[in-house]
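Below is one structure; the comments refer to it alone.
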Amino acid sequence: MFSQPGEARARLWMENEAGDIVGEGTGSCGGPDLQSEVRQRLEGQGIVGAETLRILGKLKLAPMGEDVIVSASATKRLDTITEPLPAYEGKDERFAGSVLPPSACVQLFCSVQRQRLDLDGPAVGLYGAIEIEYIDGPLLADTEYSSHARILALSESPKTENLWWEVVLSDPRSGREVARMLQYLRFLKGSSKLYG
C-alpha cells in the first residue's frame, strides 16, 4: 500500500511470489472516490451499443427492473477466512450483528446478477474489476437489503463482451443506502454458441 499522510486514497496492489503485480487498485475513505482505479477504467472504456453485441445484446444502459430483496449468511465462509475478525462472528459491539466479510459482500451483490442479467445463452463470465463502497455500512449477515441495479456501460474486445454495472443495497424499511458495488464483467465470446 502506498499513500502519503492525510491522503484519502491509497494505491493498492498484489504481487505473486516472483514479485509480479497480479492485481492493482485503490482504497479510500471519507466519501465516494470518483477518481478510484475502477472508476478510471470505466471512464476509459470504448462504449458500444447493445445492437453490436451477441451475448449481452438484450441489455440496455438503464436500471434493471424492480428492486430485489437479498440477504447472505457468512456462517459457511467463517471456516475458510484466513484472518477472521471478531466482527464476523458478531463479537463487535459497534455493530448490530455479524459483519459480512468482503468475500460474502461480493457474493451478496452478485446474487442480484443471477436474478437480473438477461444473457442470450450461456457464456463463461470473468470478473474484470470490483469496487465496494460502504455508504452507511457495513453489510450485516442475515439481514435483508433492497437492491437497485443499473447497467452503466457495454463494450467489447476481440475475445470478450463486457458489462459495467452498479448495485446499491439499501435498508428496505427506511430506504437508507448502505453499500454500493461497481463491477466489470467479461464474457468470453469463444464460450458462447453465438460465436460458433
Side-chain angles (χ1 to χ4, degrees), residues 7-10 12 25-43 45 47 50 56 58-78 81 84-119 125 127-155 162-185:
E7 289 182 347
R9 179 185 315 115
L12 308 171
T26 54
S28 61
C29 60
D33 184 359
L34 301 178
Q35 301 299 315
S36 70
E37 181 78 26
V38 176
R39 293 220 177 257
Q40 291 299 310
R41 290 180 186 232
L42 169 58
E43 293 299 320
Q45 286 294 298
I47 308 302
L56 303 174
K58 295 179 182 178
L59 303 178
K60 295 181 171 63
L61 302 183
M64 299 172 69
E66 298 294 317
D67 290 1
V68 175
I69 300 294
V70 295
S71 68
S73 172
T75 308
K76 294 179 201 172
R77 293 192 175 268
L78 291 179
I81 294 174
L85 298 175
Y88 299 162
E89 298 178 43
K91 297 177 181 174
D92 189 325
E93 59 195 41
R94 295 175 295 168
F95 309 111
S98 298
V99 173
L100 286 177
S103 58
C105 291
V106 171
Q107 182 181 23
L108 178 61
F109 280 111
C110 289
S111 68
V112 178
Q113 169 190 330
R114 288 185 286 280
Q115 297 178 54
R116 288 291 179 214
L117 278 186
D118 186 16
L119 303 180
Y127 289 161
I130 296 174
E131 174 180 289
I132 295 179
E133 175 188 354
Y134 296 106
I135 301 165
D136 192 9
L139 294 168
L140 301 176
D142 304 312
T143 301
E144 289 190 337
Y145 295 99
S146 178
S147 64
H148 177 75
R150 66 186 178 115
I151 296 174
L152 303 174
L154 299 169
S155 63
N162 309 308
L163 163 72
W164 288 87
W165 74 310
E166 180 178 65
V167 180
V168 177
L169 298 182
S170 304
D171 181 311
R173 291 163 295 286
S174 69
R176 173 184 56 89
E177 292 184 349
V178 179
R180 172 183 295 117
M181 179 187 72
L182 171 62
Q183 186 178 39
Y184 171 44
L185 294 171

Q) Hey, what do you get for OG (Ser73) to CD (Gln107), rounding to the nearest 0.5 Å? A) 9.0 Å

Q.
With a 3.5 Å distance limit and no angle check, can you tell me whether Thr143 reaches the backbone of Ala141 through a side-chain donor-acceptor pair?
A. yes

Q.
Show, in sequence, the C-alpha distance, side-chain angles and deciding distance for Leu152 and Trp165, and conclude whether the side-chain contact (heavy atoms from CB on, under 4.5 Å) test is met.
A. CA-CA 5 Å; Leu152 303 174; Trp165 74 310; 5.6 Å; no

Q: Taking all heavy atoms of Leu42 and all of Leu182, pick out the closest pair and write down the distance.
A: CD2-CD1, 4.3 Å

Q) Any side-chain heavy atom of Tyr145 sitting closer than 4.5 Å to one from Leu139? A) yes

Q | Euclidean distance, Trp164 CH2 relative to Arg150 CZ, rounded to 0.5 Å | A | 13.5 Å

Q. Taking C-beta and beyond as the side chain, do Ser98 and Leu100 meet within less than 4.5 Å on heavy atoms?
A. no

(Q) Testing the basics here: between Asp33 and Ser28, what is the closest heavy-atom pair and its distance to 0.1 Å? (A) CB-OG, 3.3 Å

(Q) Do the side chains of Arg41 and Glu131 get close enough for a salt bridge, i.e. N-O under 4.0 angstrom? (A) no

Expected list for residues 85-92: side-chain donor-acceptor pairs under 3.5 angstrom, two or more places apart:
residue : atom : partner : partner atom : Å
Glu89   : OE1  : Lys91   : NZ           : 3.3
Asp92   : OD1  : Arg94   : N            : 3.0
Asp92   : OD1  : Arg94   : NE           : 3.0
Asp92   : OD2  : Arg94   : NE           : 3.3
Asp92   : OD2  : Arg94   : NH2          : 2.6

Q | Donor-acceptor contact present, side-chain Ser174 to main-chain Arg176, <3.5 Å | A | yes

Q: State whether the side chain of Arg9 and the backbone N or O of Gly27 hold a donor-acceptor pair below 3.5 Å, judged by distance alone.
A: no

Q) In Å, rounded to the nearest 0.5 Å, how long is the span from CZ of Phe109 to CD of Gln183? A) 10.0 Å

Q. At their closest point, which heavy atom of Leu169 faces which heavy atom of Leu108, and how far apart are they?
A. CD1-CD2, 3.6 Å

**Q.** Spacing of CG belonging to Leu12 relative to OG1 belonging to Thr26, to within rounding of 0.5 Å
**A.** 6.5 Å

Q. Closest heavy-atom contact between Ile132 and Cys105?
A. CD1-CB, 4.1 Å

Q | Contacts of Asp67 that satisfy salt bridge (charged side-chain N to carboxylate O under 4.0 Å, His left out) - sequence neighbours left out | A | none

(Q) Are Glu144 and Val70 packed together at the side-chain level, in the sense that at least one heavy-atom pair is separated by less than 4.5 angstrom? (A) no

**Q.** Heavy-atom pair with the smallest gap, counting every atom of Leu56 and Asn162
**A.** CD1-O, 3.5 Å

Q) How far apart are the C-alpha atoms of Leu163 and Ile151, what are their side-chain angles, what is the distance that settles it, and do they pass the side-chain contact (heavy atoms from CB on, under 4.5 Å) test? A) CA-CA 7 Å; Leu163 163 72; Ile151 296 174; 3.5 Å; yes

Q.
Side chains of Pro172 and Ile69, heavy atoms from C-beta outward: is any pair under 4.5 Å?
A. yes

Q) Between Leu34 and Arg39, which heavy-atom pair has the shortest distance, and what is it? A) O-CB, 3.9 Å

Q) Tell me, do Cys29 and Tyr134 make a side-chain contact under 4.5 Å, heavy atoms counted? A) no

**Q.** Distance in Å, Leu140 CG paired with Phe95 CZ, rounded so as to fall on 0.5 Å steps
**A.** 8.0 Å

**Q.** With sequence neighbours excluded, residues passing salt bridge (charged side-chain N to carboxylate O under 4.0 Å, His left out) with Lys60
**A.** none

Q | Beyond-backbone contact of Ile130 with Val38, side-chain heavy atoms, under 4.5 angstrom | A | no

Q. Looking only at side chains, do Gln45 and Ser155 share a donor and an acceptor under 3.5 Å apart?
A. yes

Q. Are the side chains of Val167 and His148 in touch, meaning some heavy atoms are under 4.5 Å apart?
A. no

Q: Flag the pair Met181 / Glu166 as yes when at least one side-chain heavy-atom distance between them is below 4.5 Å, and no otherwise.
A: no

Q. Roughly how far, to the nearest 0.5 Å, is CD of Glu43 from OG of Ser36?
A. 9.5 Å

